[in-house]
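Below, chains carry the letters A, B, ... as their sequence lines are ordered, and counting in each starts from 1.
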Amino acid sequence: MALKIIESCVNCYACEPLCPSDAIYEAKPHFLIDAKKCSECDGDYTDPQCASICPIEGAILDALNVPLNPPGSLTGIPPEKMAEAMAELQSH
Amino acid sequence: MELPVLNETSQSEGGCSAGSCGSTDDQLSHLSDDIRDKVQNHPCYSEDAHHYFARMHVAVAPACNIQCHYCNRKYDCANESRPGVVSELLSPEQAVKKTMAVAANIPQMTVLGIAGPGDPLANPERTFATFQALSEQAPDIKLCVSTNGLALPAAVEELSKHNIDHVTITINTLDAEIGAKIYPWVFWNNRRIKGKKGAQILIDQQQKGLEMLVEKGILVKVNSVMIPGVNDKHLAEVSKVVKAKGAFLHNVMPLIAEAEHGTFYGVMGQRGPSNDELQTLQDECSGDMNMMRHCRQCRADAVGMLGEDRGDEFTLDKIEDMEIDYQAAMEKRKVIHQAIEAEMNEKRAASEQSQQQALAAPKLNTRPVLMAVATSGQNVINMHFGHAKEFLVYEASPDGVRFISHRKTELYCSGDDTCGDAETALQRNIRTLEGCEVVLCSKIGYEPWEQLEQAGIQPNGEHAMENIEDAVMAVYREMAENGKLEESNDDQRISA
Ligand code: SF4
Ligand code: SF4
């Protein structure tokens, strides 16, 4: 079992030094998790470290491709509010 | 290699401090000589020096350990940069090279700060590697660092080992209830902690860090973001507490929130304070402590003086090819710094003299007036109205002239045919001058002149190249003589 980082990652480096398994590495265009090394922090921490500091909703997925930090969970912005604001901006 | 420190000169004679504005409460005069020495030539702390010296920031610290509601982590930290900005991330080695390249080319650059793009202390290795190298290789550069405070207590010991003489902490509240409305989460002891509990941890760490720094003799500046309806009523209390604990400056900045930045406050329609609200709060807090009104929220990779940004001249590929003989540069810098200091001292003396004269003249009993000034530094009126990227706002009153704030503008005249949108940008700029009755500049076009007059703001180009405070006072006296200023009763006064 392993987590993965997808393209919405903003390359902030926050997760990399926290990983107990040395599974995270800098790559282009964004950071990646080595699936062979990732332990999901099992045995080291209660919460997966990368997903506990990552500031970007949806950037880290579990083995079933479910985001650990779904939309609205970190910023507190209700997803429908965000969609509304973005639609508003697009119309200008 | 051990390099001698060439720039340790700093004069501090009682009475001759950096309060350049002929103001009644001389900005730095209440500070001890020791502290005044440290801040006198610091462009971020001394209102006087920021006309002459420059600072730069390097973006070496990408990670952050908290979330603020005015920040979108797709961009740089919004505590230290304006929102919506992305800086070029540097490795510590690149940052050191860039700093030395800038210092060699812009001798006025005296301060290097690390402020982001995340939280410097959430990236201790990158931040301290940069400081370590600069302390060794460029000892004539002052170092500073800004932080949200969460990791501060753990970093104080390390900070005290480097050439760091001041730390900025952003403190928006002392109350976890309010904190939960500003900080959705913090990362602490390997967990993401949300809500009031997270906010309380942050508040405790900030206060502890502040106390530890003061104990170590490291200068502490406190920044606060004014968020109407959230912490605006509470910031006067914050000011009082941090001062009691030994912070030497408190800087209240306005919240900047736009939907397009994608921040919580932007999307949820939280407004920022008006110029008026900001000034009222700054006045309220200045009774308690020295305020840093001239702060301009520069970018995490800003280079330059007075709102200018010369970062483009020092991009990675450009510095790559630069050969820098820092020993030679340091000699040159020393000579230039001494000349600037001499000039500053001369101007301070002259300004004291003109204040004395002003005091000798019959005392006015007129109401205070706000005036905007277009300047690119040197403390003189030397900017064309249409070229000003920002205006400095001063208050003139019978007690003298004091600096109030910066107001940023959009350039409406770029000198080529991109002026299509001129009308609206000019109108917007005039709106940023709301509350001012006069605008002083070196030159101004016919159109803006007319529109300013229509908006009730008197343009004035008669004092080009004159000292700002003297010119503002001269215009004020002229207004008084022409009967434009009704007498004031004391409770109507803006200043205390
Ligand atoms: S879940 Fe844990 S082990 Fe896996 S990449 Fe993230 S931090 Fe490393
Ligand atoms: S913390 Fe998130 S955004 Fe930052 S580098 Fe890791 S995955 Fe990317």
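Closest heavy-atom contact between B/V267 and A/I77: CG1-CG2, 3.6 Å. In this structure, B/C64 and A/A14 approach most closely via the heavy-atom pair O-CB, 4.3 Å. Nearest heavy-atom pair, B/A63 versus A/Y13, reported as atom, atom and distance to 0.1 Å: CB-C, 4.2 Å. Of all non-hydrogen atoms in A/V10 and B/R73, the two that sit nearest each other are CG2-O, 3.7 Å. Between B/K194 and A/S73, the shortest heavy-atom distance links the atoms NZ-O, 3.0 Å.
Only the side chain of B/L89 comes within contact range of chain A, with at least one heavy atom under 4.5 Å from a heavy atom of that chain. Contacts between B/E260 and chain A at a heavy-atom distance below 4.5 Å involve backbone atoms as well as side-chain atoms. For a residue to count as touching a neighbouring chain, one of its non-hydrogen atoms must lie under 4.5 Å from one of that chain's; by this rule A/D44 does not touch chain B. With a 4.5 angstrom heavy-atom cutoff, A/L18 touches chain B only via side-chain atoms.
To the nearest 0.5 Å, the span separating OH on B/Y265 from OG1 on A/T75 amounts to 12.5 Å.
Counting heavy-atom pairs closer than 4.5 Å to chain B, the top residue among A/D47, A/L74, A/I56 is A/L74. The candidate from A/A51, A/A85, A/S52 with the greatest count of non-hydrogen atom pairs under 4.5 Å with chain B is A/S52.
The side-chain heavy atoms of A/Q49 and B/F187, taken from C-beta on, include a pair separated by under 4.5 Å.
B/R192 contributes a side-chain N or O that, together with a main-chain N or O of A/C54, makes up a donor-acceptor pair within less than 3.5 Å.
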